[in-house]
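Worksheet for the structure shown next.
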Protein chains: 2
Amino acid sequence: MEDNQAAERPARPMLGRGHIVATALAMLDARGVDAFSMRKLGGALGADPMAVYHYFPNKAALFDAVVEAIYIAIDTTGPVPDAWDEAVATYLYAARTVMRAHPGALALIATRPVNTVPVYALLEVIAARLARAGARPTDAIAMVHCLATYAVGQVLADVGAPVGGPEAPPPDPATFDPSVIPTLVAAMEGGWAFDPDAVFDTGLRAMIAGFGSRYGLADQT
Amino acid sequence: MEDNQAAERPARPMLGRGHIVATALAMLDARGVDAFSMRKLGGALGADPMAVYHYFPNKAALFDAVVEAIYIAIDTTGPVPDAWDEAVATYLYAARTVMRAHPGALALIATRPVNTVPVYALLEVIAARLARAGARPTDAIAMVHCLATYAVGQVLADVGAPVGGPEAPPPDPATFDPSVIPTLVAAMEGGWAFDPDAVFDTGLRAMIAGFGSRYGLADQT
DNA sequence: ACCTGAACACCGTTCAAGT
DNA sequence: ACCTGAACACCGTTCAAGT
């Protein structure tokens, strides 16, 4: 019931939730969750370490706001192809692009579900497109969930900053015994290199195609 | 080159890497990464907080060992169905079962790739089965990567402990405006409940089937 | 309303020391 | 070889206080 508006603003400081979230996200992207601290955030904001607590009750609440900000940055309002499968792929690519831009926050995204209307609205867009192609609502939601977890898992493996300290450097492949991993060795020969973009696309298309035949999805003509 | 065996053992203490990893994993499962600390680990081991540093250079190295221990617990030596797609699904189910048993370590699994022979050997089993069904080695590896990231993403969303403090409780669905999320609301009506097992299966089968038709996979008869 | 600063109970890691 | 304990530079959060 406290609904009095803020008609005038004091001098310069005025942190504000949006500014705090943006600064925290930049810090996370630069150095990961482990290196993040509320005290450094205060420093980056040019304020007392404790100033943030006026806007967020604790670090967890701030992280929830960061995750939501990332979800909201996923834009689904642009034009998409007419075909249902291409449209769904386009939405997932949009999500991937935004998530890849925030490597240090990925562990938060993967681990802190945000149950808010903006996030639901994002899922709704994809679910609605699947429903329009003939899926029942419950099946559409299951499919969106599968596609979303796949995208998160891919991006995490691709660019995700490690939780719990820096990761160990990979060992010299030459020390491996080829006889225990023949398929892997065979793939490496010929100068083949792992391409995250191509691999993401392969799995995404496979899952979408699989859903299509499983549920008989098709565009009305 | 230091190959002298440990022929005799002192009295009781003798922590040992295996015991430390097991204890750390139990602590992670019980309370998550945020609640874990090297000092508490020392306490749980009944030793000085610093004793662990004799076996692991730092917390990150210990976490790498924990992740590898989880991967090694995935057993792929049991019998699998003859059909390539059922065999692959069986391997992924084995991975899911083990990962689900360690909710507090999932953020570590998803975020700390372990480049060791035992882990490669695990991937090799699945890749080899796909190759035997007709996939080229490079395609087989891409497929395994997609399936693995999907499984990790699913389990993370399903049971993963939050990184960065406890998560906020979900809001009352009754406060949502049904008009912005009609498909989601439609799915909820009729008492439909989200079933993690069924959803995992749906996405897994869809991806496998999609790979099958994309690469023309089939068992030799 | 918004920010400060001291204080409390913690961290990871280093290092010199014990046995 | 294996473990201890003090010490250092940090944490998140609470709370009384300032403007």
Side-chain angles (χ1 to χ4, degrees), chain A residues 1-21 23-24 27-28 31-66 108 112 162-168, chain B residues 1-21 23-24 27-28 31-66 108 112 162-168:
Chain A
M1 300 305 181
E2 42 185 352
D3 204 350
N4 35 9
Q5 81 297 27
E8 78 185 81
R9 313 207 172 163
R12 205 57 40 76
M14 278 306 299
L15 268 27
R17 284 178 62 99
H19 183 218
I20 293 174
V21 168
T23 308
M27 290 178 62
L28 285 166
R31 316 184 62 70
V33 221
D34 292 319
F36 179 90
S37 85
M38 295 295 269
R39 299 167 106 113
K40 286 182 198 153
L41 175 60
L45 290 164
D48 184 273
M50 301 303 105
V52 190
Y53 283 89
H54 191 73
Y55 297 88
F56 298 93
N58 49 42
K59 193 168 72 161
L62 170 63
F63 281 169
D64 282 333
V66 167
L108 267 27
R112 309 187 67 83
V163 170
E167 54 195 318
Chain B
M1 298 303 182
E2 43 185 353
D3 207 347
N4 36 8
Q5 81 294 31
E8 78 185 79
R9 313 207 172 160
R12 204 58 41 72
M14 277 306 300
L15 268 28
R17 285 178 61 99
H19 183 218
I20 293 175
V21 168
T23 309
M27 289 178 62
L28 284 167
R31 317 185 60 71
V33 220
D34 293 319
F36 178 90
S37 85
M38 295 295 269
R39 299 166 105 113
K40 286 180 197 154
L41 175 59
L45 290 164
D48 184 273
M50 302 302 106
V52 189
Y53 284 87
H54 191 73
Y55 297 87
F56 298 94
N58 49 41
K59 192 168 73 162
L62 171 62
F63 281 170
D64 282 334
V66 167
L108 266 28
R112 309 187 68 83
V163 171
E167 56 195 316

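Labels below follow one simple rule: chain letters A, B, ... track the order of the sequence lines, proteins then strands, and each chain is numbered from 1. Any value given below was found using the heavy atoms of this structure, including those in side chains, with hydrogens, waters and symmetry copies removed.
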- Query: Is there side-chain contact between A:Phe63 and B:Glu167, with at least one heavy-atom pair below 4.5 Å?
  - Reply: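 Not in contact.
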
- Query: How about B:Val21 and B:Phe56: do any of their side-chain heavy atoms sit closer than 4.5 Å?
  - Reply: yes

Give the table of side-chain donor-acceptor pairs shorter than 3.5 Å for residues 31-41 of chain A, with sequence neighbours excluded, one pair per line with atom names and distance.
{"residue": "A:Asp34", "atom": "OD1", "partner": "A:Gly164", "partner atom": "N", "Å": "3.4"}
{"residue": "A:Asp34", "atom": "OD2", "partner": "A:Gly164", "partner atom": "N", "Å": "2.5"}
{"residue": "A:Asp34", "atom": "OD2", "partner": "A:Gly165", "partner atom": "N", "Å": "2.8"}
{"residue": "A:Ser37", "atom": "OG", "partner": "A:Arg39", "partner atom": "N", "Å": "3.4"}
{"residue": "A:Ser37", "atom": "OG", "partner": "A:Lys40", "partner atom": "N", "Å": "3.0"}
{"residue": "A:Lys40", "atom": "NZ", "partner": "A:Ala35", "partner atom": "O", "Å": "2.7"}

- Item | B:Ser37 vs C:dC10: side-chain N/O to OP1/OP2 distance below 4.0 Å |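 B:Ser37 to C:dC10 OP1/OP2: no side-chain N or O under 4.0 Å.
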
- Between B:Lys59 and C:dC11, does any side-chain N or O lie under 4.0 Å from OP1 or OP2? no

- Item | Nucleic acid contacts - residues 46-57 of chain A versus DNA chain C, non-hydrogen atoms under 4.0 Å |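 Listed by number, they are A:Ala47, A:Asp48, A:Met50, A:Ala51, A:His54, A:Tyr55.
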
Check the distance between [N]'s [atom2] and [X]'s [atom1] and give it to me in whole angstrom.
X: A:Asp34; N: C:dC11; atom1: CG; atom2: P; value: 15 Å
X: A:Met38; N: C:dC3; atom1: CE; atom2: P; value: 14 Å
X: A:Leu41; N: D:dG12; atom1: CG; atom2: P; value: 9 Å
X: B:Ile20; N: D:dC2; atom1: CD1; atom2: P; value: 11 Å
X: B:Arg39; N: D:dA6; atom1: CZ; atom2: P; value: 12 Å
X: A:Phe36; N: C:dG12; atom1: CZ; atom2: P; value: 18 Å
X: B:Asn58; N: C:dC15; atom1: CG; atom2: P; value: 14 Å

- Just how far is it from atom CG of A:Asp48 to atom NE2 of A:His54, taken to the nearest 0.5 Å? 13.0 Å

- Task: Enter the distance from B:Leu108:CG to B:Leu28:CG here, rounded to the nearest 0.5 Å.
- Result: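 It is 6.0 Å, given to the nearest 0.5 Å.
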
- Could you spell out the base pairing of DNA chain C in dot-bracket, with Watson-Crick or G-U pairs whose two distances are under 3.5 Å, [ ] crossing and | to another strand? ||.|||||...|||||.||

- Shortest non-hydrogen contact from B:Asn58 to B:Tyr53? CA-CE2, 4.0 Å

- A:Ala51 to A:Leu15 - nearest heavy-atom pair and separation: CB-CD2, 3.7 Å

